[in-house]
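See structure below.
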Amino acid sequence: MKKRDDLNRGHALEKRMGVQGFLLYLPAVLIIFLIILYPLIYALCMSFTNYRPTVRNVSIVGFSNYAKILSDSDFWAAMGRSLFFTITSLTLQIILGLALAQLLNHPRLKCKMLFRGLAITPWLIPTVSVALIFKWMFNDLYGILNFMLVDIGILDKPYAWMSGGKTAMFILVLANIWRGTPLMLTMFLAGLQGIPGDYYEAARVDGASAWYSFRKITFPLLLPVVMVSGVLRFIWTFNFYDLPWVMTQGGPADATTTTPVYAYKRAFSSYRLGEGSAISIILFIVLLVFAFIYFRAKKYQDKIYK
Amino acid sequence: MRKFLLTALIVMVSACMLFAGGSKEKASTSADGSLSGTLTIWSMLTQTERATELENLAREFEAQNPGVTVEISVMPWSGALDKLMASIMAGNPPDISIVGQGYPQTLSESGGLMELSDFIDSIGGPDQFLGSSLSVLSAGMDGGTYAVPLYITPVVAYYRQSYLDEAGWTGGLPETWEEYYEMCKAVTDPAKNRYGFGVPLGDNHGTKTLWCFLQANGVDLVNVDEDGNWYVDIDDEDYAAMVETYEYLYKLVRDCSPEGITSYTQANVRELVGQGTIMSRIDTPEIYYNVQALDPDNLDDVKYFKVPANKEEAYYMGYVGWAVPTAGNTDLALEFLKFCYSGDTLSKFYASYPYAMFPPMEGLFHSESYQTSLPAELQPMVPDLALDILSKSNAIALANGPFPYAGEIEQTTLLGSPLVRMLTEGISAEEAVDQVIEDLNGLFE
């Protein structure tokens with residue numbers, strides 16, 4: 001009898017704690033709903049209308065915004081540029097991040113803290129500042145790069161880097177690599193520090209070279225971190241708006257108009273919020289696929305480290 | 001009890017989060033007729049001189065109305081229309097906003113701006129405003145008035161006399177396109193980092209220059225029929241004139257501008273004019289401020305002439321007005337505007353930044369207090385040349401009246417992008433014009 005009473009009391013306590021627990025995380029749920037779900041649902045609803053703030057009549061147009069966007073060559077061109085911008089930036093960020101992490105993790109490196117602090121600096125600079133710094137560095141008339149290249153004889157005369165579509169995209173990628181590599185470096189460095197030193201010790205005893213150790217120990221154990229960071233960074237970079245906008249505003253002649261910039265222009269420069277919302281939803285669906293890959297990779301990472 | 005208190009606390013916190021921001025305090029008028037409340041103003045006048053003078057006007061209004069507080073938020077022009085549009089859509093606009101060219105046409109259909117005809121009548125009527133500043137630039141699509149002109153600025157072509165002398169130019173001041181090209185070409189010398197012509201093709205400000213050239217070649221792009229329906233009005237003759245204009249601009253930019261011009265913003269070009277790298281551009285007298293800051297010893301070297309004509313003369317003016325969003329404290333907003341337009345209250349404001357701000361009211365324009373406050377460099381321009389330009393000018397796509405997408409033409413760089421593609425991708429003038437027409441038609445979709 002006493003046992004049953006104890007059991008009932010336990011259930012009642014559990015229930016009470018459950019209610020209290022729910023109430024405690026209610027504010028967080030409300031915030032998530034307000035700042036994530038509400039705008040998402042609002043954008044979804046808007047994407048089915050011809051909403052233009054400059055026109056009084058609004059009507060539901062079904063999927064015609066989606067059909068219009070998906071048949072628009074400018075949209076696919078922007079998607080292509082987004083993919084190029086993201087994949088190029090990401091690949092080089094991973095390679096550089098990995099190399100620098102190896103270097104900063106070297107047991108014989110002096111002043112590690114200083115170098116690690118310096119390496120993270122670009123990540124601490126606001127994106128807008130990075131954009132303006134690169135824009136000025138590559139200015140055709142007064143940029144430091146042209147000055148140096150002409151000075152050492154590589155160029156005969158200053159080159160207009162930001163005026164050509166290909167060079168403008170190259171500088172955009174370069175700025176993104178410079179800013180994003182420190183994040184990858186930090187993640188990889190944390191991963192490297194999690195690999196037990198005994199493995200390397202054993203490999204050394206067996207006569208393994210540094211390259212062999214990297215291929216057989218470092219890389220396989222670091223792979224889950226690379227995958228998780230890579231997928232996460234892919235999502236961020238694909239969605240990156242501020243750097244391209246401040247550096248080039250999508251120009252010259254749309255040569256650097258990535259999908260988020262295209263969506264912004266469509267929504268706010270042309271005031272077609274219905275179409276702009278449709279682009280955002282398409283972008284959301286594309287990135288949802290990568291988010292799914294991210295969670296799979298994270299699960300794999302957790303499994304490995306367990 | 002503890003559980004109840006905890007629950008109550010959580011509900012209160014949640015409610016606070018939900019309703020954070022609250023509602024706007026509305027203006028009120030007390031029994032004795034005195035005003036009270038907070039007036040919010042969005043201003044894009046970022047330069048210290050005029051921003052300070054606007055602050056002074058606000059403090060003066062506060063002193064006359066002790067219950068009123070005026071809060072001014074200063075922001076750049078870049079993206080200002082988007083912000084204002086977003087605030088109107090969100091139902092949380094300022095009480096007064098400074099507005100630029102095309103804003104009244106773009107925003108009037110949203111229903112978010114107050115119709116101001118009665119207010120205009122209460123401050124002396126529409127006839128006092130110069131040229132098209134009220135009838136076209138402040139007008140909405142229903143023929144109503146959705147802004148009050150604050151200041152206007154004539155657009156002219158600038159040059160540096162000493163550069164022409166140095167280049168041995170004896171051709172006099174250009175009156176035609178070809179003469180202008182020859183003058184700019186004569187000065188251009190990349191070895192000296194000196195270029196004859198500049199236009200900001202990296203942002204939407206290049207649109208003004210392109211519109212001037214199109215107008216000078218007799219093209220007005222859009223028109224309206226008797227039923228009030230707008231359409232792209234480009235016949236064969238217009239098409240040929242547009243091709244000629246883009247060919248001319250291509251030649252002018254290719255031969256007389258820095259290679260990087262396709263990425264330059266308004267600020268970049270103004271700096272380059274200010275420091276003497278670029279000799280000439282089509283702009284407002286505001287360029288003097290850049291010269292004053294970067295090359296003050298040569299301020300009197302900068303001179304100006306009317307925008308060169310081809311088929312006809314081109315007149316263009318910069319325009320800035322005030323608008324009153326309907327969701328704001330409209331009573332208080334109108335009282336503030338009434339205060340500004342009483343007597344010569346605004347003359348000190350115009351004098352604070354004289355190169356960029358000219359009074360839109362003819363009476364104030366001719367007033368002795370305004371004329372004597374002008375700097376020496378502007379004396380030859382004011383009043384005759386400035387009045388000639390201002391009384392004949394219209395603005396981008398507004399030659400035939402208030403066009404609903406006037407703001408969008410500038411925002412989308414519809415006129416500038418094809419020229420950039422000619423310069424960077426090598427497309428022909430015909431392809432450039434086809435793109436302009438396609439994009440114009442896209443506005444009506």
Next item on the list: Give a yes or no on whether B:Tyr231 atom OH has more than 12 heavy-atom contacts from other residues, nucleotides or ligands under 6.0 Å away.
Entry: yes
Margin query: Looking at A:Phe147, I want to see if its CZ is surrounded by more than 12 non-hydrogen atoms of other residues, nucleotides or ligands under 6.0 Å.
Written below: no
Note to self: Show, in sequence, the C-alpha distance, side-chain angles and deciding distance for B:Met89 and A:Leu273, and conclude whether the side chain to side chain contact (heavy atoms under 4.5 Å, CB included) test is met.
What the structure shows: CA-CA 11 Å; B:Met89 283 161 57; A:Leu273 294 182; 3.0 Å; yes
Check: Of the backbone (N, CA, C, O) and the side chain (C-beta and beyond), which part of B:Thr413 lies under 4.5 Å from a heavy atom of chain A, both, or neither?
Finding: neither
Item checked: Whether over 12 other heavy atoms sit under 6.0 Å from A:Phe284 CZ -> no
Note to self: Using the rule salt bridge (charged side-chain N to carboxylate O under 4.0 Å, His left out), only one of A:Arg266, A:Arg52, A:Lys265 pairs with B:Glu408; which is it?
What the structure shows: A:Arg52
Check: Is there a side chain to side chain contact (heavy atoms under 4.5 Å, CB included) between B:Leu81 and A:Tyr271 once you walk through the steps?
Finding: CA-CA 10 Å; B:Leu81 179 55; A:Tyr271 305 112; 2.9 Å; yes
Check: How many angstroms lie between atom CE of A:Met162 and atom OG1 of B:Thr262, to the nearest 0.5 angstrom?
Finding: 9.5 Å
Check: What part of A:Lys68 is in contact with chain B, defined as an atom under 4.5 angstrom from a non-hydrogen atom: side chain, backbone, both or neither?
Finding: side chain
Next item on the list: Would you please go through residues 432-441 of chain B and name the residues with a non-hydrogen atom below 4.5 Å from one of chain A, in numerical order?
Entry: none
Checklist line | Structural part of A:Tyr51 lying under 4.5 Å from a heavy atom of chain B | finding: side chain
Next item on the list: Check whether B:Asn204 gets within reach of chain A through its side chain, its backbone, both or neither, counting any heavy atom under 4.5 Å.
Entry: neither
Next item on the list: First locate atom CD of B:Gln275, then atom OH of A:Tyr142, and finally report the distance between them rounded to the nearest 0.5 Å.
Entry: 4.0 Å
Notebook entry, point to check: Just checking heavy atoms, which of residues 125-141 of chain A are less than 4.5 Å from chain B?
Noted result: A:Lys135, A:Trp136, A:Asn139, A:Asp140, A:Leu141
Next item on the list: Could you have a look at B:Asn268, B:Thr424, B:Thr106 and say which one has the most heavy-atom pairs with chain A under 4.5 angstrom?
Entry: B:Thr106
Margin query: Can you confirm whether more than 12 heavy atoms, excluding those of B:Phe444, are under 6.0 Å from its CZ atom?
Written below: yes
Margin query: Is it the case that over 12 heavy atoms from other parts of the model lie below 6.0 angstrom from the CG atom of A:Asp151?
Written below: yes
Item checked: Proximity breakdown for A:Tyr264 and chain B, heavy-atom pairs closer than 4.5 Å -> side chain
Check: Do you know the tightest heavy-atom contact between B:Gly442 and A:Arg272?
Finding: O-NH2, 2.8 Å
Margin query: For B:Glu410, which atoms come within 4.5 Å of any heavy atom of chain A: side chain, backbone, both, or neither?
Written below: neither
Margin query: Among B:Asn193, B:Leu443, B:Ile261, B:Asp82, which residue has the highest count of heavy-atom pairs closer than 4.5 Å to chain A?
Written below: B:Asp82
Checklist line | Closest-packed option against chain A by number of heavy-atom pairs under 4.5 Å, given B:Ser417, B:Pro418, B:Ser110, B:Gly416 | finding: B:Ser110
Checklist line | B:Ser263 to A:Ser163 - nearest heavy-atom pair and separation | finding: OG-OG, 4.0 Å
Notebook entry, point to check: Which atom names give the shortest non-hydrogen contact between A:Ala253 and B:Val420, and what distance separates them?
Noted result: N-CG1, 3.6 Å
